[in-house]
Student: 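Quick one: this structure, given as structure tokens, is what I'll be asking you about.
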Amino acid sequence: MDKRNARLAFIKKAIIFMLLIFALDNGLGRLLRYLYFHQSSGFLYRRTWAIESTTAPVIVFGDSRAAHSYAPQPFEEAFGGEFYNAGCDGTGIDYQEAVLTAVLKRYRPRILFLELRPFDFEQDPYWKTRLTMLLPYLKRHPEIGPVLKRRGLFENIKRLSQIYPFNSNILSIIMGNLEINKKRREDFKGFIPLEGVWDRPLRAETPPRENLRAEAVTSFRNFMGLAISRGITPVIIVSPIYQKWARPPQTLSMAAAICREFDVPFLDFSQDGKYLKREYFYDETHLNEAGAIVFSTEVAARISGRNEDP
Amino acid sequence: MQLASIEFLFFLAIASTIFYILPIRFRWVWLLVLSLGFCAIVSLESLPILASVVVISYFLGRGIESAGPPYRRIVFYSGFVLLISILVAFKFTPLYGSLQQRLSHFLNRLPEDPIAGVLLPMGLSFVVFTALSYLLEIHYRRISAERNFGILALHLLLFFKLTQGPIERPAPLIAQLRHRFVFDDIAIMVGLKRILWGFFKKMFIADRLALYVNAVFGNASRHNGTSLLMAAIFYSFQVYADFSGYTDIALGSALLFNIRLSENFRRPYFAKSIREFWGRWHISFSSWLRDYLYLPLASFLSRKLRHPYYLKIQTEHWIYSLATLITFAICGLWHGNGLNYVLWGLLFGVYLVVGRLTHRWRKRMRTKLGFKPLGKRSPIVQIVATFVLVTIAWIFFRIPDLRTIVLVFKKILTQPGIPFGYAAPMMIPFSLLGIFALLLLESRDEFYRGALSFFRNKRLWVRLLSHAFLVIVILLFGVLDSGQFIYFQF
């Protein structure tokens with residue numbers, strides 16, 4: 001085969017190969033998309049519900065500490081309306097900003113809580129990865145695009161693949177379409193109670209001097225700006241932690257200053273002495289069910305009282 | 001930009017397309033520009049350090065060649081010491097960390113990319129060892145010093161082998177860099193397939209196993225012995241899939257430019273002894289150590305130790321033991337700055353020494369105790385025994401502090417239990433699937449060459465479909481974007 005023919009044969013094979021991948025990727029990607037949005041249980045379903053369906057007037061945003069710490073009943077009793085816990089494991093402030101953007105496009109909650117991670121503003125090598133969980137929603141919610149764009153230059157090219165947004169989720173999607181999840185882990189309006197009591201002693205820690213991440217601080221500001229622009233006063237909360245800190249983490253000092261600037265309530269329970277009891281904790285950073293109920297009752301009472309003030 | 005990333009694939013696609021558009025005589029220049037550009041993109045701070053290694057090697061190479069007999073040795077040893085000093089200075093002192101911090105401060109940026117946070121200039125260990133090999137070959141008069149500075153720079157800094165090797169010998173690679181830059185569709189096809197397999201090993205196997213290994217070894221005190229044992233076994237496969245995956249990407253990328261690099265792995269977990277393992281694992285490095293460290297050391301010791309016995313032990317055994325232990329201690333140090341790496345290296349040295357010293361005794365004991373030969377089962381027993389010994393050594397490699405290493409061994413031996421993974425039930429099956437895929441492919445190549453050859457089928461459509469399927473598997477199950485925590489949510 002001469003040089004020219006060799007090149008042509010090579011190009012021909014390459015094109016056939018690309019077409020084959022395109023067909024397989026499209027077919028499977030579409031099937032996964034269909035199944036993803038037809039789940040009836042599980043953490044992916046809860047995420048979809050938070051972004052696309054809930055109309056609860058009282059809503060909580062945050063990571064796993066939110067998901068396990070805010071029980072619906074005390075809030076519903078205090079505010080006299082429906083409550084939804086949109087807390088999601090392994091997420092950061094960038095994720096909360098994107099979800100709030102999608103939620104506000106649909107409806108206007110009355111009260112909005114944000115559970116802030118005590119180290120949310122620090123350098124996190126996985127912050128871009130944490131946003132991958134929002135990729136399936138981009139087609140249906142272009143408003144979250146600006147946040148997802150922060151993942152990098154090649155994001156648009158990666159998204160040419162229909163399977164890519166569902167990477168590593170195939171089994172979760174299949175299980176979300178079955179009834180298994182409902183039996184595995186129950187949730188109550190997004191709240192996932194944790195059973196068990198922490199069995200280790202209280203540790204004294206000195207939070208390290210953080211290398212702050214500018215994007216995280218911007219996201220925090222955006223989150224508050226978005227809520228305020230829609231006439232909602234967000235409440236920023238830091239739930240209890242079973243650790244004794246020599247000084248507050250830099251994130252919290254900075255968040256408190258930003259909240260003062262926006263005139264937004266900032267409630268820091270992280271070092272609140274009355275919660276420093278093992279029986280309230282599942283592990284060092286998560287409240288168990290008993291702790292969550294005590295904590296939710298106090299937060300609901302304090303904020304509803306504040307709202308009732310003339 | 002890491003080798004196993006979409007960014008690298010785009011870099012490679014653009015780089016190779018321009019490469020073949022350019023006239024043949026300019027192609028090596030383009031490759032050099034690419035290598036310097038790659039280095040600048042990944043770690044700008046490393047570029048001057050690596051460039052200085054190239055300059056030193058060039059002038060020393062010329063110097064060794066042109067110096068007369070009394071000075072040749074002096075020039076060589078001074079160069080050798082200089083290059084080793086550069087490696088030691090950056091590897092074992094905080095010098096690079098402070099340089100990097102100052103530069104980051106000067107450029108008003110934070111090192112955000114995890115790779116920018118490393119405290120060793122990118123690829124320095126590989127570049128210095130390649131440079132040492134170049135000087136040694138000139139010193140032994142096996143090659144002549146390279147006259148073209150650009151070709152030498154290319155030999156040392158080729159971008160696809162810069163971060164993970166292989167550590168190339170000068171003669172075969174420099175010859176290719178001078179001549180073979182014609183378009184070869186078969187080489188490109190083979191290269192693309194190799195890159196695909198590299199991505200599969202890295203993303204589907206290594207990164208998937210890393211989820212379990214990191215979760216368990218990252219918090220060893222809270223896990224039982226079964227979880228730790230499982231993490232140790234997983235780590236053996238993770239480290240292999242990771243490193244050999246990167247090597248596949250490097251070798252495949254080289255083929256896109258019609259360059260053949262040397263093989264670095266030959267199914268090491270099918271080795272029947274530790275000695276054989278090192279003949280199959282990181283071959284370019286182990287052969288470097290053998291040729292440039294172990295053999296000269298053994299030769300030196302045999303000249304110095306003249307009595308037939310020392311402490312009633314044959315001198316031959318002393319030479320073997322000392323040369324082996326020193327070589328493997330240096331092997332450990334090359335891998336990292338920490339006592340655990342030295343212990344890891346020494347453990348392999350001890351395996352080899354004990355294996356050799358007890359060879360006759362073991363044979364006698366087997367006969368005395370009436371053990372029958374295992375026949376066909378013998379290789380399986382040997383493979384499993386070697387794997388167990390290697391896995392024990394990997395624990396030292398993975399865990400940096402001695403206290404945790406002791407704890408891990410203690411728990412493995414005394415605290416069985418339900419393995420970690422109940423919160424993410426598919427994590428273990430997925431990890432096992434990766435190991436199964438790896439063993440299936442490797443056992444086919446080791447024992448049944450030609451069987452199950454969907455990927456080497458005579459029919460074009462079978463081959464294309466098989467490779468397309470591989471791409472889909474990576475997209476579906478590969479841990480993309482270093483998504484280390486994704487699966488924990490399940």
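So you know, we letter chains A, B, ... as the sequences are listed, proteins then strands, and number each from 1. Here the structure is a predicted model, which means the values were calculated and not measured.
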Student: Can you tell whether the side chains of A:Arg278 and A:Asp199 come within less than 4.0 Å, N to carboxylate O?
Tutor: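 Between A:Asp199 and A:Arg278 there is no salt bridge, as every charged N stays at least 4.0 Å from the carboxylate O atoms.
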Student: Could you tell me which portion of B:Leu460 (side chain, backbone, both or neither) has an atom closer than 4.5 angstrom to a non-hydrogen atom of chain A?
Tutor: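 The side chain, not the backbone.
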Student: Taking A:Asp283 first and then B:Arg222, would you say they form a salt bridge - that is, a charged N and a carboxylate O separated by under 4.0 Å?
Tutor: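 Not counted as a salt bridge, because no side-chain N and carboxylate O are separated by less than 4.0 Å.
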Student: Looking at A:Ile16, A:Asp25, A:Leu28, A:Ile157, which has the largest count of heavy-atom pairs under 4.5 Å with chain B?
Tutor: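 Most heavy-atom pairs under 4.5 Å with chain B: A:Ile157.
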Student: What part of A:Leu24 gets closer than 4.5 Å to chain B, counting heavy atoms only: side chain, backbone, both or neither?
Tutor: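 Both backbone and side chain.
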Student: With heavy-atom distances below 4.5 Å as the criterion, would you say the side chains of A:Asp124 and A:Arg117 are in contact?
Tutor: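 A:Asp124 reaches A:Arg117 side chain to side chain.
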Student: Check this for me: does any side-chain nitrogen of one of A:Arg213 and A:Asp94 sit under 4.0 Å from a carboxylate oxygen of the other?
Tutor: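 Salt bridge present between A:Arg213 and A:Asp94.
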Student: Can you tell which of B:Phe477, B:Phe10, B:Trp461 has the highest number of heavy-atom pairs within less than 4.5 Å of chain A?
Tutor: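 Winner by heavy-atom pair count: B:Phe10.
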